[in-house]
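Down below is the structure, laid out as C-alpha cells.
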Amino acid sequence: MTVLERTDVAPRPVRRRENSIRVLVPQTLVLTKRLLIRWGRNVPTIVETLIVPIVLLGAVNTVLGRQISNLTGHSALYGSVPMVAIVATISGSSVGAVALVRERAEGLLARFWSLPVHRASGLLARFVSEAVRIFVTTLVILGAGMLLGFRFHQGWAAALGWLLVPVVFGLAFAALVTTAAFYSATTTLVEAISLVNTLGIFFCTGFVPLDQYPEWIQPVVEHQPMSYAVEAMRGLSLGGPILWPVTATLLWAAGILAVCVVPMAFGYRKASMR
C-alpha cells in the first residue's frame, strides 16, 4: 500500500485563529463563568452589593416612607426601591473595577493576553457578567421591596422593562469605572467616581420628591442620570410618564458608552500588555 492509499492517518485538527469570531462566544462564556463564580464566592462583595442595599431600603422606608407617602399620595417604595437597585448597581460595578485593578497589578491580565484566546473575550466577558449580576441583584432587591409592599400596576411587559433599566444604567456605569481602572495604577480613581455617584443618590428623585429640594439645585436633581432611571422605573411600576424618562436614560447610557468605548479598548490593550 502506498502512502497515498493509507486510510489510518488521523485527520489534522482544524485550528481556528485566536481572533476568529467562532471562538469569541465560547471563550467569552468561559471567562464570564470565572467572573460570576468569583463574585458568588466573595462574601464581602455579596454583602456590599446585596445586604447593604437591602438594609438601606429598610432604613429609608422606615425613616422617610410615611413622610414621602403623605407628600406624594402613594407609597415611597415606588421611588426608594428603584433608587436602591441603582445603588446596588453602582456598588457592584465599583467592586468589580477594584478587582480589575488588582488583577492588572498582579499580572493576571498580561497572562490572559499571552494565551491563544480572542482578544475581545476578556473585556466582553466583564460586561456579560455585569449584566447577569445586575439582573440577579435587581431581582433580589425587588423581592425585598415586594415584601415591604411594592407592587406592579402596569402589567408584566412593564415589569420586565423595570428590571432592564438598572441593567442599561449599570452597563454604562461599568464602562466608566472599567475605563478608569485601566488608566489608574491604584483604586483611588475608581473609588472617587463611586463616591461621587453615591453622593448623587441623595440628590435623586428616588430619595425625596423633586419639589423638596432647594430651587437652585432642582435642575441638577431632575436631569442627572439616576433621577431619570428612577422616574422611568416609577412610571413602569406605578404609572406616569415613561417615554421621556426611558429615552433620557438611554441617551445618558449611550453618551457614557460613546465617550468610554475607545479609551477603554486602548486601556485594556495597554494594561494587558504590561
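In what follows, every heavy atom counts, from backbone to side chain, and hydrogens, waters and symmetry copies are set aside.
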Worksheet item: Taking side chain as C-beta onward, heavy atoms only, is Arg151 less than 4.5 Å from Met146?
Response: yes

Discussion item. Can you confirm whether Val220 sits close enough to Ile217 that some side-chain heavy atom of one is under 4.5 Å from a side-chain heavy atom of the other?
Written reply: yes

Practice prompt. Could you tell me whether the side chains of Thr205 and Glu231 share a donor-acceptor contact shorter than 3.5 Å?
Written response: yes

Worksheet item: Would you say Asn61's side chain and Leu57's backbone share a donor-acceptor pair under 3.5 angstrom?
Response: no

Worksheet item: Is there side-chain contact between Val84 and Val60, with heavy atoms separated by less than 4.5 Å?
Response: no

Discussion item. Which heavy atom of Leu257 sits nearest to which heavy atom of Ala172, and what is that distance?
Written reply: CD2-CA, 4.1 Å

Discussion item. Does Arg102, at its CZ atom, have more than 12 non-hydrogen atoms belonging to other residues, nucleotides or ligands within less than 6.0 Å?
Written reply: no

Worksheet item: What's the spacing between Trp252 CH2 and Phe169 CZ if we round to 0.5 Å?
Response: 9.5 Å

Worksheet item: Honestly curious: do Val177 and Val262 fall in one hydrophobic cluster under the side-chain, below-4.5 Å linking rule?
Response: yes

Worksheet item: Judged by atom type as modelled, is there a donor-acceptor pair below 3.5 Å linking the side chain of Arg234 to the main-chain atoms of Gly239?
Response: no

Practice prompt. Could you pull out the closest heavy-atom pair between Pro245 and Pro241, with the gap in Å?
Written response: CG-O, 3.7 Å

Worksheet item: Would you find a donor on one side and an acceptor on the other, under 3.5 Å apart, between the side chain of Tyr183 and the backbone of Met264?
Response: no

Practice prompt. Keeping the roles fixed (side chain from Arg104, backbone from Ala181), state whether a donor-acceptor pair exists under 3.5 Å.
Written response: yes

Item to complete: Please indicate whether Phe266 has more than 12 foreign heavy atoms, meaning atoms of other residues, nucleotides or ligands, lying under 6.0 Å from its CZ.
Response: no

Fill in: Criterion side-chain contact (heavy atoms from CB on, under 4.5 Å) on Phe202 and Val221, from CA distance to verdict
CA-CA 9 Å; Phe202 298 101; Val221 175; over 6 Å; no

Worksheet item: What residues, two or more places apart in sequence or in another chain, satisfy salt bridge (charged side-chain N to carboxylate O under 4.0 Å, His left out) together with Arg34?
Response: Glu103

Worksheet item: Could you state the interatomic distance from OG1 (Thr28) to CZ (Phe127), rounded to the nearest 0.5 Å?
Response: 12.5 Å

Worksheet item: Would you call Leu100 and Phe182 a side-chain contact if the rule is heavy atoms closer than 4.5 Å?
Response: yes

Discussion item. Around atom CG of Leu147, are there more than 12 heavy atoms from other residues, nucleotides or ligands closer than 6.0 Å?
Written reply: yes

Worksheet entry | Ser69 versus Ser75, closest heavy-atom pair with distance | OG-CA, 3.6 Å

Response to the item:
On a heavy-atom basis, the closest approach of Ala258 and Val261 is O-CG1, 3.7 Å

Worksheet item: Which heavy atom of Ile54 sits nearest a heavy atom of Ile141, and at what distance?
Response: CG1-CG1, 4.5 Å

Worksheet item: Considering only heavy atoms from C-beta outward, does the side chain of Ile256 approach that of Cys260 to under 4.5 Å?
Response: yes

Worksheet item: Between Thr45 and Trp39, is there a donor-acceptor pair closer than 3.5 Å when you use the side chain of the first and the backbone of the second?
Response: no

Practice prompt. Compare every heavy atom of Val47 with every heavy atom of Pro53, then report the nearest pair and how far apart it is.
Written response: CD-O, 4.3 Å

Fill in: Test item: Gln27 side-chain N/O and Ser121 main-chain N/O as donor-acceptor pair under 3.5 Å
no

Worksheet entry | Criterion side-chain contact (heavy atoms from CB on, under 4.5 Å) on Val167 and Thr138, from CA distance to verdict | CA-CA 9 Å; Val167 175; Thr138 303; 5.6 Å; no

Worksheet item: Taking Glu48 for the side chain and Ser91 for the main chain, is one N or O donor matched with an acceptor at less than 3.5 Å?
Response: no

Worksheet item: Going through the distances and angles, do Asn42 and Ile46 end up as a side-chain contact (heavy atoms from CB on, under 4.5 Å)?
Response: CA-CA 6 Å; Asn42 193 326; Ile46 293 177; 5.8 Å; no

Worksheet entry | Nearest-0.5 Å distance that lies between atom OG in Ser227 and atom CD in Gln218 | 11.0 Å

Worksheet item: Would you call the rings of His153 and Tyr78 parallel, tilted or perpendicular, where under 30° means parallel and over 60° means perpendicular?
Response: tilted

Practice prompt. Report the C-alpha distance between Phe150 and Trp162 in whole Å, list the side-chain angles of each, state the deciding distance to 0.1 Å, and finish with yes or no for ring pair (Phe, Tyr, Trp, His ring centres under 6.0 Å).
Written response: CA-CA 13 Å; Phe150 181 90; Trp162 189 97; 5.5 Å; yes

Practice prompt. Flag yes if more than 12 heavy atoms outside Phe203 fall under 6.0 Å of its CZ atom; otherwise flag no.
Written response: no

Worksheet item: With hydrophobic residues grouped by side-chain heavy-atom distances under 4.5 Å, do Ile242 and Met233 end up in a single group?
Response: yes

Worksheet item: Under a single-linkage definition using a 4.5 Å side-chain heavy-atom cutoff for Ile, Leu, Val, Met, Phe, Trp and Tyr, are Phe135 and Leu171 assigned to the same hydrophobic cluster?
Response: yes

Item to complete: State, with a plain yes or no, whether a side-chain heavy atom of Thr137 is found less than 4.5 Å away from one of Thr89.
Response: no

Worksheet item: Any link between Leu35 and Leu123 through a network of hydrophobic side chains (Ile, Leu, Val, Met, Phe, Trp, Tyr) touching at under 4.5 Å?
Response: no

Discussion item. I want to check something: taking the side chain as every heavy atom from C-beta on, are Lys33 and Leu29 in contact at a cut-off of under 4.5 Å?
Written reply: no

Fill in: Spatial distance of atom CG (Leu176) from atom OG (Ser94) [nearest 0.5 Å]
9.0 Å

Worksheet item: Are the side chain of Glu222 and the backbone N or O of Leu210 linked by a donor-acceptor pair below 3.5 Å?
Response: no

Item to complete: Show your reasoning for whether side-chain contact (heavy atoms from CB on, under 4.5 Å) applies to Cys204 and Val230.
Response: CA-CA 8 Å; Cys204 170; Val230 168; 3.7 Å; yes

Practice prompt. Would you tell me whether Glu130 and Ser93 have side-chain atoms, one donor and one acceptor, within less than 3.5 Å of each other?
Written response: yes

Item to complete: Calculate, to the nearest 0.5 Å, the distance between atoms CG and OH belonging to Leu251 and Tyr228 respectively.
Response: 9.5 Å

Worksheet item: Measuring from Leu139:CG to Ile134:CD1, what's the distance to the nearest 0.5 Å?
Response: 12.0 Å

Worksheet item: Same cluster or not: are Leu243 and Leu238 linked, directly or through other Ile, Leu, Val, Met, Phe, Trp or Tyr residues, by side-chain heavy atoms under 4.5 angstrom apart?
Response: no

